[in-house]
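Reviewing the structure listed below.
Indexing begins at 1, ligand by ligand and atom by atom, following the structure's order. Only this structure's heavy atoms are used, side chains among them; waters, hydrogens and symmetry mates stay out.
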Amino acid sequence: MIPSKNMSTLDKFHKLALSSEQVKSKIQSNQSNNFELPTRSYWDIIRDNVFNPINNILFAIFALLIFMGKYSDSVIYITVAIINIVVAVYQEIQSKRKLDQITFLTKPKAKVIRTKFEETQEEVIDPLNIVLDDIVVASLGDQILVDGVVIEGKADVDESQLTGESEQVKKRVNSEISSGSFVTSGKLIYQATRVGINSTVNQLALQAKTIRVVSTPLQVEINSVVKVLISVVLFFLSLALLRSFLENNTGFETITMVAVIVGIVPHSLFMMMTLAYGLGAVRMLKKGAMVQQLNAVESLSNIDVLCLDKTGTLTTNEIYLDQVVDINSNAVTGNSLDSILSQYSSLVTIPNKTMEALQSSVKQVDKFDYEVISEVDFDSKRKWSALSWQQTSSNKTYSKANGQQLNIVIGAPDVLFDYQKSLSNDDLQKTISNFSNSGKRVLMVAFAPNLDSDKMLLGESLQVLGLIIMADKLRLEAKEIIQYCYDLGVKVKIISGDNPQSVSALAKQVNVVSQGMISGIDLLKYSDAELEQRLPEIVSTHDIFGRVTPEQKKMLIQAIKKTGSYVAMTGDGVNDVPALKVADLAISMESGSQAARNIADIVLLNDSFSSIPTGFMEGQKIRSGMQDILALYLGRIFYTSLIIVSIMVIGAGFPLAIKHSSLIGMFCAAIPTILLTLIAVPKKTAKTNLLKSQLQIILPIGLIVGVTSVLIYAFFYTKLGIETKEIPFNRNMIGQIKDLNINSISGLVQDKIEYTARSFMVLFILFVGIWNVVVVSPPNNHRPNPFISWLPTILSTILTLVVIMIYSFPVLARFFDLQPMAITPIMIILLASILCNALVYLAWKNDWTKPLIN
Ligand SMILES: [Mg+2]
């Protein structure tokens with residue numbers, strides 16, 4: 001059999017190529033690439049959301065109530081827990097599905113050279129099946145799948161996802177290559193030296209494995225409030241149980257007390273938070289961002305510092321031709337600079353990024369009309385490339401320059417100036433620095449009559465033809481988002497693995513205001529102890545960081561956090577993973593590495609920053625909504641506690657039945673706060689100590705409502721023992737009240753008095769609580785749609801009518817363990833509640849509680 005041309009090329013690898021048996025044995029001895037980055041499984045998502053601290057409290061209360069036989073009351077707690085779980089799990093599963101989809105789309109195939117039946121051949125396999133020592137083929141656009149050593153071919157690879165370096169790195173035979181990089185030109189054949197968990201990309205990605213739970217300042221505050229409330233509840237419970245024991249109370253009374261006291265834990269507050277977070281996430285998705293951590297939207301509105309990676313995050317890692325400045329081309333070469341660039345970029349055989357950008361924006365010529373004489377490819381150290389060519393006689397566009405050999409050099413202006421000082425003049429220098437200062441990259445095009453391509457020397461008498469101005473291709477809205485941050489007072493820092501020059505050029509292009517730039521290499525000069533000491537100052541006096549390693553990125557983020565800032569990090573590559581992991585908020589690009597997307601709280605779809613402003617607004621909305629809601633909840637808890645303690649201390653019975661406490665919770669907290677969550681507007685709120693800022697309203701609500709309620713109870717308890725329905729509430733009643741002697745009332749009447757006094761007090765609490773919502777969120781003209789600001793008032797009116805109905809119909813009233821009443825006493829109580837709310841409002845606006853808070 002005559003070997004085909006293809007076979008003969010592959011035959012070279014006959015000795016190195018693995019046989020099926022060798023592959024099999026390597027798989028058995030765990031030397032395969034079979035390693036999948038752990039993503040969150042459905043089970044992880046469900047487990048984390050079912051057994052979180054909040055739900056655990058709810059489950060405990062549920063179990064307690066079931067144990068005491070209060071089945072109908074227990075339902076509330078389990079319902080709240082279920083709603084929490086459903087919203088959070090649904091939202092996270094949506095995100096997971098979307099993520100898995102992205103992963104699936106970018107899943108590559110691997111081309112390996114192996115021997116089968118003594119014949120060396122190419123095989124296309126799943127990258128997971130690559131084994132150690134396998135020979136892998138990588139062509140233009142392919143991702144390097146495992147670490148290895150090049151055994152044939154030459155290529156440029158893009159390592160930006162690993163290092164942040166934006167320049168292509170040349171790989172030749174014996175060069176080491178790392179998994180996670182991409183071939184941007186040429187073709188390589190490499191032998192696998194590290195696979196699976198040992199490969200560079202998997203080692204870095206492994207850091208993304210551990211689940212990262214960051215609580216926002218709001219969550220931290222609410223969690224500590226809840227902890228305090230739980231201690232209060234425990235204290236009350238022990239008091240109540242002690243009293244039951246001393247007074248020999250019946251089981252039923254004890255159960256009532258326990259259930260009412262346990263109700264102090266603001267269970268539906270958590271549901272409101274889940275709901276608010278879920279709404280924010282849905283709105284973000286509509287604007288092009290996927291929220292993977294429920295609290296991420298609120299988290300966004302807390303940030304003081306936004307750190308951005310450069311390559312792949314702010315830029316697409318592509319450059320484009322901004323403009324061509326023709327200075328002297330026609331006079332020197334007989335061609336316009338455009339025409340010179342057309343020829344250069346068409347004829348070049350080893351294109352780099354600049355050439356690719358040129359090729360896509362200038363007209364390409366027919367290669368057969370020209371003859372390339374020599375070529376010097378670009379080198380990042382030498383900083384210039386050159387091409388020498390001439391037109392062939394068959395060229396139809398035969399020009400005066402026919403036959404003239406064109407030796408053209410393209411390079412960094414400062415390097416070319418060094419070659420020949422006479423090139424430099426003030427005007428040219430000014431033009432160049434103008435472009436550089438606006439963040440553009442300037443390349444000079446010159447004619448080099450004495451070019452020596454073999455020795456890579458430019459020779460004397462260079463003549464300037466003109467300039468090429470290149471710029472980084474920015475991500476959508478990158479520049480706008482930085483301005484937006486500045487407007488909000490958020491600091492912006494660029495932390496990049498790329499060289500400091502490119503980073504500062506980019507910073508100028510996106511208008512980052514920088515106090516200073518420092519490179520990762522400078523940071524290495526310090527000892528660990530010195531660095532620890534100096535870092536806080538370094539991070540507060542610098543805004544641009546270049547040549548930073550993944551570990552240094554992480555260190556910088558930690559240092560910024562230590563200065564007391566709330567830090568968001570935005571990145572795309574595996575090199576950003578350590579930093580993303582320690583940030584308060586991690587944001588990644590959709591096109592970024594899987595590891596970065598996995599760990600991110602927010603993934604920017606289409607790599608666009610356009611959703612960030614929406615996120616800020618939504619986050620502020622959540623915070624301002626929660627601020628009002630906290631006031632209502634904590635105010636209610638405050639007066640409920642005050643009432644329980646006062647009345648228990650007076651010894652006038654236990655003030656509330658379970659049904660009353662549920663009714664108050666529903667009408668004064670749960671229903672109104674759902675509305676407040678839905679209609680919340682973005683507002684600037686205190687970044688920390690949200691609770692302290694709300695004490696000005698919580699204290700008046702708690703104190704005024706609490707004291708008035710106790711007075712109402714005491715009034716009816718001492719003066720009344722008659723069912724209001726039977727004897728209408730009128731002037732005659734006052735006389736009858738005077739005749740009552742509390743000491744002569746029998747036990748039965750005593751119960752009735754408690755029952756009546758309690759009914760009046762509950763009515764008052766209901767009215768006052770329902771209208772607290774309007775105090776917190778009054779109608780105003782600040783909204784685009786003023787009608788929305790009337791919704792709390794409308795809701796309060798409806799709830800008031802419902803309460804009046806409950807008290808007016810004996811069947812309904814008795815269902816809730818309340819005494820039915822005539823309309824007149826109801827109206828008197830309503831009036832009292834309105835006066836009470838007016839007092840709350842005055843106390844709040846005039847800071848009457850300021851001495852107490854301080
Ligand atoms: Mg990057």
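- The Mg ion (ligand 1) has D309 OD2, T311 O, D572 OD1 as its protein N, O or S neighbours under 2.8 Å.
- In this structure, the ring of F609 has its center no less than 6.0 angstrom from the ring center of Y484.
- One N or O on the side chain of T541 and one on the backbone of E537 form a donor-acceptor pair closer than 3.5 Å.
- Note that CG of D472 is 7.5 Å distant from OG1 of T316, once rounded to the nearest 0.5 Å.
- Between the side chains of S299 and Y566, at least one donor N or O sits under 3.5 Å from an acceptor N or O.
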Donor-acceptor pairs under 3.5 Å, side chain of residues 134-142 to any protein atom, not counting sequence neighbours: which ones?
{"unit_1": "D134", "atom_1": "OD1", "unit_2": "R114", "atom_2": "NE", "d": "3.1"}
{"unit_1": "D134", "atom_1": "OD2", "unit_2": "R114", "atom_2": "NE", "d": "3.3"}
{"unit_1": "D134", "atom_1": "OD2", "unit_2": "R114", "atom_2": "NH2", "d": "2.6"}
{"unit_1": "D134", "atom_1": "OD2", "unit_2": "V131", "atom_2": "N", "d": "3.0"}
{"unit_1": "D142", "atom_1": "OD2", "unit_2": "S139", "atom_2": "N", "d": "2.9"}

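- Once rounded to the nearest 0.5 Å, the distance linking CZ of F545 with CD1 of I538 reads 8.0 Å.
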